[in-house]
A.B. asks: 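Right, I'll just put the structure down here and ask away after.
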Amino acid sequence: MRRSRYRWLQAIARFYVSVFRAVPGVVQIFLAYYGLPEIIPALKTWSPEVMVILALGFKYAAYMAETFRAAVDSVDAGQWEAATSLQINKWAFFKHVMLPQAAVNAIPGFGNYTIGILKETALAFVIGVTELFGEGKLIAGGSFKYAVRLSIWKFTQRSQLFIGCW
């Protein structure tokens with residue numbers, strides 16, 4: 001939306017990205033869990049896990065939007081000129097020329113943010129949500145099944161590796 005020709009859409013996108021990137025994740029989780037249900041009473045029935053997903057989702061959506069915008073901006077202007085000379089319309093240009101080139105530049109950043117959101121799930125502990133590693137500690141501490149804890153940790157590493165390479 002920051003690349004839109006409409007100024008009001010640019011302003012909304014700029015405001016969203018600026019606010020959600022500037023406010024720390026803990027504050028966003030607190031506001032989502034304690035503040036939003038006061039404004040919207042229907043959210044009082046939502047679980048804390050959903051509120052954490054909502055808060056971190058909005059935060060990392062702002063980061064990923066900026067990464068994607070930068071990746072689109074990194075495509076050379078000569079590509080558009082070549083597409084225009086070949087009489088390719090805007091949507092075909094975006095789908096077949098711009099998007100594949102921008103994806104190459106955006107995927108490493110998306111991988112970093114995927115790892116970051118996985119690490120920031122530990123912030124959910126401040127509102128009483130037991131995150132992945134905390135759950136592993138509870139399993140291992142109660143039953144001495146450290147293999148389960150290790151397998152959860154290995155699964156997390158492998159999924160990060162898979163998402164990062166994809």
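Here, residue 1 is the first one in the sequence, and each next residue gets the next number. Only a predicted model underlies this, so the values are computations on that prediction, with no experimental measurement involved.
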A.B. asks: Establish whether Phe58 and Tyr33 are linked, either directly or via other cluster members, by ILVMFWY side-chain heavy-atom contacts under 4.5 Å.
C.D. replies: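 Yes, Phe58 connects to Tyr33 through the hydrophobic network.
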A.B. asks: Partners of Asn112 by side-chain contact (heavy atoms from CB on, under 4.5 Å), sequence neighbours excluded?
C.D. replies: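 For Asn112, no residue satisfies side-chain contact (heavy atoms from CB on, under 4.5 Å) once neighbours in sequence are set aside.
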A.B. asks: Apply ring-ring contact (aromatic ring centres under 6.0 Å, His included) to Trp46 and list each qualifying residue two or more places apart in sequence or on a separate chain.
C.D. replies: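 With neighbours one apart ignored, the set is empty.
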A.B. asks: Taking the side chain as every heavy atom from C-beta outward, state whether Lys90 and Trp80 have any pair of such atoms under 4.5 Å apart.
C.D. replies: yes
A.B. asks: Would you name the heavy atoms of Phe94 and Phe68 that are closest together and state the gap between them?
C.D. replies: CZ-CZ, 4.2 Å
A.B. asks: Start with the C-alpha distance between Gln28 and Leu56, add both sets of side-chain angles, then the distance that settles side-chain contact (heavy atoms from CB on, under 4.5 Å), and finish with yes or no.
C.D. replies: CA-CA 8 Å; Gln28 289 181 13; Leu56 292 179; 5.8 Å; no
A.B. asks: Rounded at 0.5 Å granularity, tell me how far OG1 in Thr84 sits from CG in Leu86.
C.D. replies: 9.0 Å
A.B. asks: Tell me if a side-chain donor or acceptor on Ser18 pairs with a main-chain N or O of Phe15 at a distance below 3.5 Å.
C.D. replies: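 No, because the side chain of Ser18 does not come within donor-acceptor range (under 3.5 Å) of the backbone of Phe15.
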A.B. asks: Check Ala32 against Pro37 and note the closest heavy-atom contact, atom names and distance.
C.D. replies: O-CD, 3.4 Å
A.B. asks: Are Ile53 and Val27 linked, directly or through intermediate hydrophobic residues, by side-chain heavy-atom contacts shorter than 4.5 Å (ILVMFWY only)?
C.D. replies: no
A.B. asks: Less than 4.5 Å apart, side chain to side chain, heavy atoms only: is that true for Lys59 and Glu120?
C.D. replies: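 They are in contact (side-chain heavy atoms under 4.5 Å apart), so the answer is yes.
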A.B. asks: List the atom of Ala71, the atom of Ala106, and the distance in Å for their closest heavy-atom pair.
C.D. replies: CB-CB, 3.7 Å
A.B. asks: Taking the side chain as every heavy atom from C-beta outward, state whether Leu54 and Leu36 have any atom pair closer than 4.5 Å.
C.D. replies: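 Yes, close enough: below the 4.5 Å cut-off.
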A.B. asks: Please find the pair of heavy atoms, one from Ala62 and one from Arg21, that lie closest to each other, and give the distance.
C.D. replies: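 For Ala62 versus Arg21, the nearest heavy atoms are CB-CG, 4.1 Å.
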A.B. asks: Would you indicate whether the side-chain heavy atoms of Ser74 and Gln101 approach each other to under 4.5 Å?
C.D. replies: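 Heavy-atom side-chain distance check fails, nothing below 4.5 Å.
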A.B. asks: Show your reasoning for whether side-chain contact (heavy atoms from CB on, under 4.5 Å) applies to Ile127 and Ile29.
C.D. replies: CA-CA 8 Å; Ile127 61 169; Ile29 290 171; 3.8 Å; yes
A.B. asks: Hydrophobic clusters here meaning ILVMFWY residues chained together by side-chain heavy-atom distances under 4.5 Å, can you tell me if Val75 and Val104 are in one?
C.D. replies: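 They do not share one cluster, since no chain of ILVMFWY contacts under 4.5 Å joins Val75 to Val104.
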A.B. asks: Could you tell me which residues satisfy ring-ring contact (aromatic ring centres under 6.0 Å, His included) with Tyr63, sequence neighbours excluded, listed by chain and number?
C.D. replies: Tyr60, Tyr113
A.B. asks: Could you tell me whether the side chain of Asn89 reaches within less than 4.5 Å of the side chain of Phe93, counting heavy atoms only?
C.D. replies: no
A.B. asks: Under the criterion side-chain contact (heavy atoms from CB on, under 4.5 Å), I'd like the reasoning laid out for Thr114 against Met64: C-alpha separation, chi angles, the key distance, then a yes or no.
C.D. replies: CA-CA 10 Å; Thr114 303; Met64 289 186 180; 4.2 Å; yes
A.B. asks: Return the orientation label for the Trp8 and Tyr6 ring planes: parallel under 30°, perpendicular over 60°, tilted otherwise.
C.D. replies: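 The rings of Trp8 and Tyr6 sit tilted, inter-plane angle from 30° to 60°.
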A.B. asks: To the nearest 0.5 Å, what is the distance between CE (Met51) and CZ (Phe30)?
C.D. replies: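 Here the interatomic distance stands at 13.0 Å.
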